[in-house]
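These numbers come from the heavy atoms of this one structure, side chains and all, not from hydrogens, waters or symmetry mates. All figures in this text were calculated on a predicted structure; none of them were measured in a lab.
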Amino acid sequence: LNTLLACYNGGSNGDIDEAYFRIKDWFDWQLSGLEVATLLGFNFIGRTFIHYGANVNSFAIHIAAWKGNVNMLRILLDLGGDKNLKNRGQHGWNEPPLYWAAVFGQTETGALLIERGADVNKFIGSQTPLMVAAGQLKYDMVSLLLSKGARTDLRNNQGKTAEQMV
């Protein structure tokens with residue numbers, strides 16, 4: 001906590017109390033040090049956690065995809081992280097990293113996951129990544145997925161295609 005706190009700027013005023021409680025909240029959510037470092041974009045600290053044994057197959061992959069942290073995502077994948085890892089479900093989630101990239105329109109991390117073999121047509125629950133991106137109006141992500149072979153004819157459990165979800 002102290003290492004992360006020393007590196008975190010909680011706002012333009014650098015309010016240390018705000019930073020402390022924000023980081024503490026993330027630990028209260030049971031995020032690991034690697035996951036918090038990834039969330040904050042502290043890749044150098046994340047690499048240190050990995051050096052000392054942090055598991056690369058963790059929610060850090062999802063956080064990197066969600067936050068658009070392509071450098072940390074590349075580090076995690078290069079060190080054996082699973083591009084299709086379903087998150088731990090602890091908070092009711094059970095999606096692979098490409099889902100998080102699609103929801104938040106993170107095209108760089110989405111492209112890296114696809115380059116590493118993530119399936120653009122794999123159903124995540126009742127939706128494909130294309131349906132997720134279209135439903136969130138993330139048009140750059142929609143374009144990326146289409147350029148990488150996402151199928152437009154697939155339908156969700158309500159019979160809707162990605163185009164119908166816009």
Side-chain angles (χ1 to χ4, degrees), residues 4 21-43 46 49-50 54-166:
L4 291 169
F21 287 110
R22 190 164 186 188
I23 293 171
K24 186 179 178 312
D25 283 346
W26 292 325
F27 281 119
D28 288 347
W29 292 350
Q30 298 180 357
L31 296 181
S32 70
L34 174 59
E35 293 163 348
V36 173
T38 302
L39 183 62
L40 295 172
F42 295 150
N43 298 347
F49 281 119
I50 293 167
N55 184 2
V56 296
N57 278 312
S58 70
F59 189 50
I61 294 174
H62 300 83
I63 293 170
W66 157 43
K67 298 297 282 182
N69 188 342
V70 71
N71 292 328
M72 183 52 106
L73 181 60
R74 183 173 285 112
I75 290 166
L76 294 166
L77 295 174
D78 286 349
L79 293 174
D82 182 356
K83 67 193 167 293
N84 294 311
L85 180 72
K86 290 194 173 185
N87 53 10
R88 57 182 168 224
Q90 175 177 337
H91 304 287
W93 309 318
N94 195 28
E95 301 88 5
L98 186 56
Y99 171 87
W100 290 95
V103 166
F104 292 96
Q106 299 293 353
T107 55
E108 284 189 77
T109 54
L112 178 59
L113 290 162
I114 294 165
E115 174 187 305
R116 299 291 178 98
D119 185 354
V120 298
N121 292 308
K122 182 175 178 74
F123 274 84
I124 304 159
S126 65
Q127 300 183 85
T128 64
L130 181 62
M131 292 173 193
V132 171
Q136 296 294 320
L137 307 177
K138 303 300 182 185
Y139 298 119
D140 289 341
M141 180 60 79
V142 168
S143 295
L144 170 69
L145 292 165
L146 290 171
S147 74
K148 299 297 183 180
R151 292 178 46 194
T152 58
D153 62 321
L154 299 176
R155 296 180 180 274
N156 68 8
N157 62 353
Q158 297 172 340
K160 293 183 178 181
T161 64
E163 184 179 17
Q164 294 168 322
M165 298 182 76
V166 175

**Q** Would you mind reporting whether Leu154 and Thr161 have side-chain heavy atoms less than 4.5 Å apart?
**A** no

**Q** Is there a side-chain contact between Met165 and Asn156 (heavy atoms, below 4.5 Å)?
**A** yes

**Q** Does the His62 side chain pair with the main chain of Leu85, one donor and one acceptor, at a distance under 3.5 Å?
**A** yes

**Q** Looking at every non-hydrogen atom in both residues, tell me the closest pair between Lys138 and Ala102 and how far apart they are.
**A** CG-O, 3.7 Å

**Q** Would you say that Met131 contacts Thr128 through its side chain, given a criterion of any heavy-atom pair below 4.5 Å between the two side chains?
**A** yes

**Q** If you measure from CG on Leu98 to CD on Gln106, what distance do you get to the nearest 0.5 Å?
**A** 12.0 Å

**Q** Could you grab the distance from atom CD1 of Ile50 to atom OG of Ser58, nearest 0.5 Å is fine?
**A** 8.0 Å

**Q** Identify the residue among Thr109, Ile63, Leu77, Leu34 that makes a side chain to side chain contact (heavy atoms under 4.5 Å, CB included) with Met72.
**A** Leu34

**Q** For Leu144 and Gly110, work out which heavy atoms get closest and say how close.
**A** CD2-C, 3.9 Å

**Q** Step by step, would you call Trp100 with Leu113 a side chain to side chain contact (heavy atoms under 4.5 Å, CB included)?
**A** CA-CA 11 Å; Trp100 290 95; Leu113 290 162; over 6 Å; no

**Q** Test of understanding: with side chain to side chain donor-acceptor pair (under 3.5 Å), list the residues that count as partners of Asn43, not counting sequence neighbours.
**A** Asn69

**Q** Return the minimal non-hydrogen interatomic distance between Gly46 and Ala37, and the atom names on each side.
**A** N-CB, 3.8 Å

**Q** Show me the pairs that pass side chain to side chain donor-acceptor pair (under 3.5 Å) and involve residues 110-119, at least two apart or across chains.
**A** Asp78-Arg116

**Q** Counting C-beta onward and ignoring hydrogens, is there a side-chain heavy-atom pair between Arg74 and Leu112 closer than 4.5 Å?
**A** yes

**Q** Over all heavy atoms of both residues, which pair between Val56 and Gly81 is shortest? Give the atoms and the distance, please.
**A** CG2-N, 3.7 Å

**Q** Say you draw a straight line from NZ of Lys86 to OH of Tyr99; how long is it, rounded to the nearest 0.5 Å?
**A** 12.0 Å

**Q** Closest heavy-atom contact between Arg151 and Leu130?
**A** O-CD2, 3.6 Å

**Q** Which heavy atom of Gly149 sits nearest a heavy atom of Asn121, and at what distance?
**A** O-ND2, 3.3 Å

**Q** Has the side chain of Gln127 got a donor or acceptor atom that lies under 3.5 Å from a matching backbone atom of Ile124?
**A** no

**Q** How many angstroms lie between atom CG of Leu73 and atom NZ of Lys83, to the nearest 0.5 angstrom?
**A** 12.0 Å

**Q** Roughly how far, to the nearest 0.5 Å, is CG of Leu76 from CG of Asp82?
**A** 11.5 Å

**Q** Just verifying a value: how many Å separate Leu79 CG and Asn57 CG, rounded to the nearest 0.5 Å?
**A** 10.5 Å

**Q** Sorted by first residue and then second, give each ring-ring contact (aromatic ring centres under 6.0 Å, His included) pair with at least one member in residues 104-128; sequence neighbours left out.
**A** Trp66-Phe104

